[in-house]
Amino acid sequence: MEKFITQLKVRHYEMDALGHVNNAVYQHYLEQAGIEHSEHIGFTVERYHELGGVFVMRRLEIDYLRPAVAGDIIEITTWLQELRGSRAIRRYELRILGKEELVVKAEVLWVWVNLATMRPKAIPPIMLEAFQGTKSSSVGEPLTATDIS
């Protein structure tokens, strides 16, 4: 499926005692990139509520490869690897803007849950179609979000 790219500016309060982005902060970056990707194709939090569900993070696998520091602009590339039943597997690559080396790579298992019961349920067909409709061709450019938070 097509890749989505967004950028976030690292803030001073996100640093740990060593002056690097605290490892726990990266989970927030991943969540924000996923939210922006969903919004980009029309699925806002309000739309999720209309559909009676929401995605929750169930499992996170993350590799910390290089440090990022306050003031860095992090470019986050994300894409859906798989959508099946109630599960969505989303991949991420984080780089400092303008650099090729990865800072973090991650894979997250998201589960679509019913808002009333908080139990997993199948991802709505309209959502599956929207995400799968963004499959890329070998020539296509990735989707991007231009605002820096």
Side-chain angles (χ1 to χ4, degrees), residues 1-11 13-14 21-66 68 70-149:
M1 294 185 203
E2 191 158 334
K3 294 181 177 182
F4 176 81
I5 299 171
T6 191
Q7 298 173 358
L8 296 170
K9 185 174 183 177
V10 176
R11 298 163 194 89
Y13 64 83
E14 296 171 328
V21 173
N22 185 298
N23 287 355
V25 170
Y26 286 105
Q27 185 171 338
H28 294 274
Y29 292 173
L30 302 177
E31 187 171 10
Q32 183 64 33
I35 289 167
E36 289 182 23
H37 184 198
S38 290
E39 288 175 344
H40 184 79
I41 63 167
F43 290 93
T44 62
V45 172
E46 293 80 15
R47 183 73 174 118
Y48 282 5
H49 288 211
E50 290 171 8
L51 294 169
V54 66
F55 279 109
V56 296
M57 192 179 283
R58 180 168 183 193
R59 185 180 58 79
L60 167 65
E61 182 178 323
I62 189 165
D63 294 318
Y64 304 100
L65 304 169
R66 288 178 177 66
D72 284 344
I73 305 297
I74 302 293
E75 183 175 81
I76 305 169
T77 303
T78 186
W79 64 97
L80 288 161
Q81 178 184 322
E82 181 181 327
L83 289 166
R84 185 171 5 140
S86 64
R87 303 160 50 110
I89 297 174
R90 183 179 281 281
R91 296 269 178 123
Y92 301 84
E93 294 178 346
L94 285 69
R95 293 175 172 80
I96 296 170
L97 186 63
K99 296 191 178 181
E100 199 164 316
E101 302 85 16
L102 288 175
V103 172
V104 162
K105 68 178 181 176
E107 179 179 292
V108 176
L109 170 60
W110 294 92
V111 177
W112 182 256
V113 298
N114 180 301
L115 280 172
T117 66
M118 291 309 289
R119 302 287 305 157
K121 71 176 193 174
I123 298 168
I126 192 168
M127 187 174 279
L128 291 173
E129 292 168 10
F131 278 111
Q132 291 170 342
T134 62
K135 287 186 180 179
S136 63
S137 67
S138 57
V139 185
E141 286 294 313
L143 303 170
T144 60
T146 55
D147 294 330
I148 297 174
S149 297

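FYI, side chains are in, hydrogens and waters are out, and symmetry mates aren't considered; it's all heavy atoms of this structure.
Rounded to the nearest 0.5 angstrom, T6 OG1 and E75 CD are separated by 9.0 Å. Between M127 atom CE and S38 atom OG the span is 6.5 Å, to the nearest 0.5 Å. To the nearest 0.5 Å, the span separating CZ on F131 from CZ on R90 amounts to 5.5 Å. Annotation: the span from L60 atom CG to E31 atom CD amounts to 11.0 Å, rounded to 0.5 Å. Note that the CD1 atom of I41 and the CD atom of E129 stand 11.5 Å from one another [nearest 0.5 Å]. Between the NZ atom in K3 and the NE2 atom in H37 there is a gap of 12.0 Å [rounded to 0.5 Å].
Taking 4.5 Å as the limit, some side-chain heavy atom of V10 sits within range of a side-chain heavy atom of Y29. Side-chain contact between L8 and H28: absent, with no pair of heavy atoms (C-beta onward) separated by less than 4.5 Å. V103 places a side-chain heavy atom less than 4.5 Å from the side chain of Y26. Two residues are said to be in side-chain contact when any heavy atoms from C-beta on lie closer than 4.5 Å; Q81 and E107 meet this criterion. Side-chain atoms of L30 and T78, non-hydrogen and from C-beta on, never get closer than 4.5 Å to each other. Contact annotation: the side chain of L51 approaches that of F43 to within less than 4.5 Å [non-hydrogen atoms, C-beta and beyond].
Pairing each heavy atom of N114 with each of T117, the nearest pair is OD1-N, 3.1 Å. Across K121 and G52, no two heavy atoms sit closer than the pair NZ-O, 3.6 Å. Pairing each heavy atom of E61 with each of R59, the nearest pair is OE1-NH1, 3.6 Å. Taking both residues in full, the closest heavy atoms of A33 and I76 are given as CB-CG2, 3.5 Å, listed atom of the first, atom of the second, then distance. Taking each heavy atom of L80 and A88 in turn, the nearest pair found is CD2-CB, 4.1 Å. Scanning both residues, E14 and K9, for their nearest heavy atoms gives OE1-O, 4.2 Å.
With sequence neighbours left out, V45 forms a side-chain contact (heavy atoms from CB on, under 4.5 Å) with H49. Listed by chain and residue number, nothing satisfies the side chain to side chain donor-acceptor pair (under 3.5 Å) test with W79 (two or more places apart in sequence, or in another chain). Taking the side chain to side chain donor-acceptor pair (under 3.5 Å) definition, one finds that T77 meets it with nothing, sequence neighbours left out.
Applying the 6.0 Å contact sphere to NZ of K105 captures no more than 12 heavy atoms from other residues, nucleotides or ligands. In the displayed structure, L65 atom CG is contacted under 6.0 Å by more than 12 heavy atoms of other residues, nucleotides or ligands. Under a cut-off of 6.0 angstrom, the local environment of CZ in R58 is sparse, with at most 12 non-hydrogen atoms contributed by other residues, nucleotides or ligands.
Between the side chain of D72 and the backbone N or O of I74, no donor-acceptor pair lies under 3.5 Å.
Donor-acceptor pairing under 3.5 Å is recorded for the side chains of E36 and Q32.
Under the 30°/60° scheme for interplanar angles, the aromatic rings of W112 and F55 are found to stand perpendicular.
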